[in-house]
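Below, read A as the first sequence line, B as the second, and so on, with proteins coming before strands; counting in each chain starts at 1.
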Protein chains: 2
Amino acid sequence: MSARESSLDTVQRELTAFARRARATAARMHPELSLVAYTILAHLEEQQGCRATDLAAHYLLDKSTVSRQVASLEKLGFIERRVDESDHRVQVLHLAPGGIEILAAARTRRQESIQARLAAWDPEDLERFARYLVRYNADAADHP
Amino acid sequence: MSARESSLDTVQRELTAFARRARATAARMHPELSLVAYTILAHLEEQQGCRATDLAAHYLLDKSTVSRQVASLEKLGFIERRVDESDHRVQVLHLAPGGIEILAAARTRRQESIQARLAAWDPEDLERFARYLVRYNADAADHP
DNA sequence: CTGATATCGTTGCACTCTACAACACAAGGT
DNA sequence: ACCTTGTGTTGTAGAGTGCAACGATATCAG
């Protein structure tokens with residue numbers, strides 16, 4: 001096996017291992033938010049005013065799933081729906097105050113956890129690791 | 001925000017983004033295997049002869065969940081259960097021929113996908129990325 | 001203007017995954 | 001023999017998901 005094949009194999013194995021733990025990690029970090037709910041809130045934080053269809057397309061979820069999650073998050077007071085005056089079919093999604101609050105709390109817990117894990121890393125390694133992850137996700141988006 | 005905080009923030013964001021896509025990715029790579037089922041098979045490949053309790057502990061799953069998944073995988077002919085003669089409570093899990101086969105097929109598809117994504121990476125970057133992932137997962141295991 | 005088509009979101013349905021609780025069974029120690 | 005612990009199964013309930021069918025709105029061709 002070439003060095004390249006070996007590296008690819010390692011990347012695959014480790015990313016899979018990470019994915020396996022992701023659900024459990026999310027459950028511990030923010031028990032009151034499912035991974036998808038957290039995802040939607042985090043997305044809305046960056047993309048205020050996006051539509052349900054955007055979320056479905058971006059995360060490869062069925063629109064019915066997003067519809068139900070959005071309804072649930074609205075009922076909990078985490079997001080708001082506004083009608084688009086220029087197109088009455090679309091609902092424009094925004095974070096509600098409750099959503100901003102719970103998102104901040106969840107992010108703090110996640111950050112503390114990650115900080116503990118990466119405490120011993122050199123700044124250079126950390127910075128390179130971050131760059132690699134950005135690049136990998138960008139490549140993943142290009143090769144669906 | 002310091003450079004370190006910025007890197008930590010990026011790592012957190014990108015890992016979360018990756019986790020969000022993981023389920024959909026798994027569904028595309030191996031539609032016949034759930035992420036947990038694939039996880040169990042992959043684990044058995046490395047740890048032949050492990051017990052159901054080990055799986056539950058390792059992946060933070062309830063033992064009943066593992067029990068059902070194992071029963072399903074056995075019915076499909078992917079794994080075998082053997083009784084431990086020294087302790088009749090435990091069932092020793094092994095990959096069955098069908099499991100080896102489907103695991104190889106799934107891994108091939110995953111590898112092709114990852115290979116396409118990482119095609120443009122330098123060997124040095126690839127090797128470092130792999131090392132970082134290994135290190136991160138090890139740190140994550142130490143800081144649950 | 002009218003009808004066909006497309007887009008956005010909701011709902012009914014079936015299925016899987018999951019945890020919790022209660023249970024049966026085996027092992028080990030008192 | 002009894003109690004405690006460990007391993008796995010089953011009943012139950014609930015969340016998450018995709019598919020298909022639907023209603024409402026928008027867009028466009030004629």
Task: Under the side-chain contact (heavy atoms from CB on, under 4.5 Å) test, residues paired with A:His94 that sit two or more places apart - done: A:Gln48, A:Arg82, A:Val92
- [ ] Return the value, rounded to whole Å, for the distance between atom CG of A:Leu33 and atom P of D:dG16.
- [x] 10 Å
- [ ] Measure from the side chain of A:Lys63, starting at C-beta and using heavy atoms only, and say which of D:dA24, D:dA21, D:dG8 lies closest.
- [x] D:dA21
Open item on the list: Using only modelled atom types and a 3.5 angstrom limit, is any donor from either the side chain of A:Arg68 or the base of C:dG12 paired with an acceptor on the other?
Closed with: yes
Task: For atom CZ of A:Arg89 and atom P of C:dC8, their distance in whole Å - done: 6 Å
TODO: Tell me whether the OP1 or OP2 atom of C:dT10 has a side-chain N or O from A:Arg81 closer than 4.0 Å.
DONE: yes
Task: Interatomic distance where CD belongs to B:Glu32 and C1' belongs to C:dT16 [whole Å] - done: 15 Å
Open item on the list: Check this one for me: any side-chain N or O of B:Ser64 less than 4.0 Å away from OP1 or OP2 of C:dA19?
Closed with: no
Task: Spacing of B:Arg51 atom CZ relative to C:dA26 atom P, expressed in whole Å - done: 17 Å
Task: B:Val36 side-chain proximity, nearest of D:dG8, C:dT18, C:dT7 - done: C:dT18
Task: Minimum-distance nucleotide to A:Ser67 side chain [options: C:dT10, C:dT18, D:dA24] - done: C:dT10
- [ ] Would you kindly give the CG-to-P distance between A:Asp87 and D:dT25, to the nearest whole Å?
- [x] 11 Å
TODO: Ignoring hydrogens and angles, state whether a donor on the side chain of A:Gln47 or A:Asp54 is under 3.5 Å from an acceptor on the partner side chain.
DONE: no
Task: Spacing between B:Leu55 atom CG and C:dT18 atom P, to the nearest angstrom - done: 13 Å
Task: Whole-Å distance separating the OH atom of B:Tyr38 from the P atom of C:dT16 - done: 22 Å
Open item on the list: In this structure, how many angstroms lie between the C1' atom of D:dT25 and the CD atom of A:Gln91, rounded?
Closed with: 12 Å
TODO: For C:dT16, take OP1 and OP2 only and decide whether either is under 4.0 Å from a side-chain N or O of B:Ser34.
DONE: no
Open item on the list: So if I take every side-chain heavy atom of A:Thr65 and compare against C:dT18, D:dT17, D:dT25, which nucleotide ends up nearest?
Closed with: D:dT17
Open item on the list: Can you tell me which residue among B:Arg131, B:Arg135, B:Arg4 is in a salt bridge (charged side-chain N to carboxylate O under 4.0 Å, His left out) with A:Asp125?
Closed with: B:Arg135
Task: B:Gln69 side-chain N/O to C:dT16 phosphate OP1/OP2 under 4.0 Å - done: no
TODO: For the side chain of B:Ala52, starting at C-beta, report the closest nucleotide among C:dT7, D:dT17, D:dG8.
DONE: D:dG8
- [ ] Identify whether any heavy atom of B:Leu60 sits under 4.0 Å from a base atom; if not, whether one sits that close to sugar-phosphate; answer base, sugar-phosphate or nothing.
- [x] sugar-phosphate
Task: Whether B:Trp121 and A:Tyr132 hold their rings parallel, tilted or perpendicular, with breakpoints at 30° and 60° - done: tilted
TODO: For the residue pair A:His43 and A:His58, categorise the inter-ring angle as parallel (less than 30°), tilted (30 to 60°) or perpendicular (more than 60°).
DONE: perpendicular
